[in-house]
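Here's the structure, in structure tokens; my notes come after.
Chain A is the first sequence line, chain B the second, and so forth, proteins listed ahead of strands; every chain is numbered from 1.
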2 protein chains.
Amino acid sequence: MKNDCAQSIPPEWAHFSQLFAALGDPERQRILLSFEPGETLNATQLTQASLLSRPTVSHHLRLLCEAGVLERTRRGREIHFRLMAGTLIERLQTVISYLDAHR
Amino acid sequence: MKNDCAQSIPPEWAHFSQLFAALGDPERQRILLSFEPGETLNATQLTQASLLSRPTVSHHLRLLCEAGVLERTRRGREIHFRLMAGTLIERLQTVISYLDAHR
DNA sequence: TTTTCATGTCGAAAAATATCGACTATTTGA
DNA sequence: TCAAATAGTCGATATTTTTCGACATGAAAA
């Protein structure tokens with residue numbers, strides 16, 4: 001057993017709990033699955049596609065941005081969200097490499 | 001925008017929110033990182049390596065098993081937990097394939 | 001500049017989750 | 001059979017997260 005991570009998480013793994021927590025909510029997953037390849041969606045579109053209120057959708061979008069899942073860009077008075085597929089793939093590959101060494 | 005997942009998550013994705021929610025807790029991440037390659041650990045070992053109580057660790061172990069992250073096997077009066085690295089890799093590869101088609 | 005549109009923030013309430021002490025179940029060894 | 005060891009359950013409490021209405025911000029259009 002690795003006792004070095006018995007009580008604290010190594011710094012290189014710390015951001016993964018934030019990532020997985022962001023991905024682990026059904027409403028946020030629903031938001032992510034509504035993106036078509038390469039598409040950008042604004043907050044109004046994402047709110048209209050949801051059963052929840054704007055403040056609530058805004059809250060989920062903030063968590064997804066803070067976790068590095070979505071990118072936020074202002075265009076005029078709209079704010080566009082984009083799925084950061086590339087960096088997500090890299091991060092998940094890191095996890096897979098770790099797991100592959102721990103079969 | 002994909003309107004078919006506007007209000008409900010497609011069944012083939014439903015188990016992922018449970019998986020990511022399980023991986024998204026720092027205590028559970030700490031538990032997972034304490035496994036050496038191929039190692040099995042019992043509940044007492046995992047509790048001793050934690051700052052939390054046995055009921056709490058037991059709770060986290062149950063969530064990890066229900067999400068398909070750990071495997072539970074009784075051996076005598078001990079219960080051994082094993083990291084299901086193989087199936088986890090497959091599930092993460094599914095997510096990566098989806099993301100790769102959505103760059 | 002005033003209005004309108006798009007979005008976010010704030011504070012409070014509701015819901016879900018984590019945590020623990022006391023008790024229970026199950027298996028093994030004396 | 002009885003005692004010890006291992007692990008889980010139950011009920012209550014604490015903490016965190018989610019949710020929303022009302023209000024604030026900031027950019028474009030009139």
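Hydrophobic clustering (side-chain heavy atoms under 4.5 Å, transitive across Ile, Leu, Val, Met, Phe, Trp, Tyr) groups A:Leu83 together with B:Trp13.
Taking the six-membered ring for Trp and thresholds of 30 and 60 degrees, A:His102 and A:Tyr98 have nearly parallel ring planes, at less than 30 degrees apart.
The interatomic distance linking B:Leu52 (CG) with C:dG21 (P) rounds to 11 Å, in whole Å. Between the C1' atom of D:dA5 and the NE2 atom of B:His80 lies a distance of 13 Å, rounded to the nearest Å. Rounded to whole Å, the distance from CD1 on B:Ile79 to P on C:dT27 is 10 Å. When rounded to the nearest whole Å, the span between CZ of B:Arg30 and P of C:dA18 equals 14 Å. If you take NE2 of A:His59 and P of C:dA12, they are 17 Å apart, rounded to a whole angstrom. As a whole-Å value, the separation of A:Gln45 CD from C:dC5 P is 17 Å. Rounded to a whole Å, the CZ atom of B:Arg54 is 11 Å from the C1' atom of C:dC23.
Residues A:Arg75 and A:His60 both approach DNA chain D. Their nearest nucleotides, taken by heavy-atom distance, put A:His60 toward the 5′ side. A residue-by-residue look at B:Val57 and B:Arg74 shows that B:Val57 has its nearest nucleotide of DNA chain C further toward the 5' end.
Here B:Thr56 does not reach the OP1 or OP2 of C:dA18: none of its side-chain N or O atoms lies under 4.0 Å away. Regarding contacts with the backbone of C:dA18, a side-chain N or O of B:Arg28 is found under 4.0 angstrom from either OP1 or OP2. Proximity of A:Arg72 to the phosphate of C:dG8: a side-chain N or O atom is located under 4.0 Å from OP1 or OP2. Between A:Ser53 and D:dC20 there is a side-chain polar atom (N or O) within less than 4.0 angstrom of OP1 or OP2. Here A:Thr44 does not reach the OP1 or OP2 of C:dA6: none of its side-chain N or O atoms lies under 4.0 Å away.
Checked by atom type and distance alone, the side chain of B:Arg74 pairs as donor or acceptor with a backbone atom of B:Gly76 at under 3.5 Å. Here the side chain of A:Ser58 pairs no donor or acceptor atom with the backbone of A:Arg54 at under 3.5 angstrom.
At a cut-off of 3.5 Å, with distance as the only test, no side-chain donor of A:His80 or A:Arg72 sits close to an acceptor on the other residue.
Contacts of B:Leu63 with the nucleic acid, taken as non-hydrogen atoms under 4.0 Å apart, involve only primed sugar atoms and P, OP1 or OP2.
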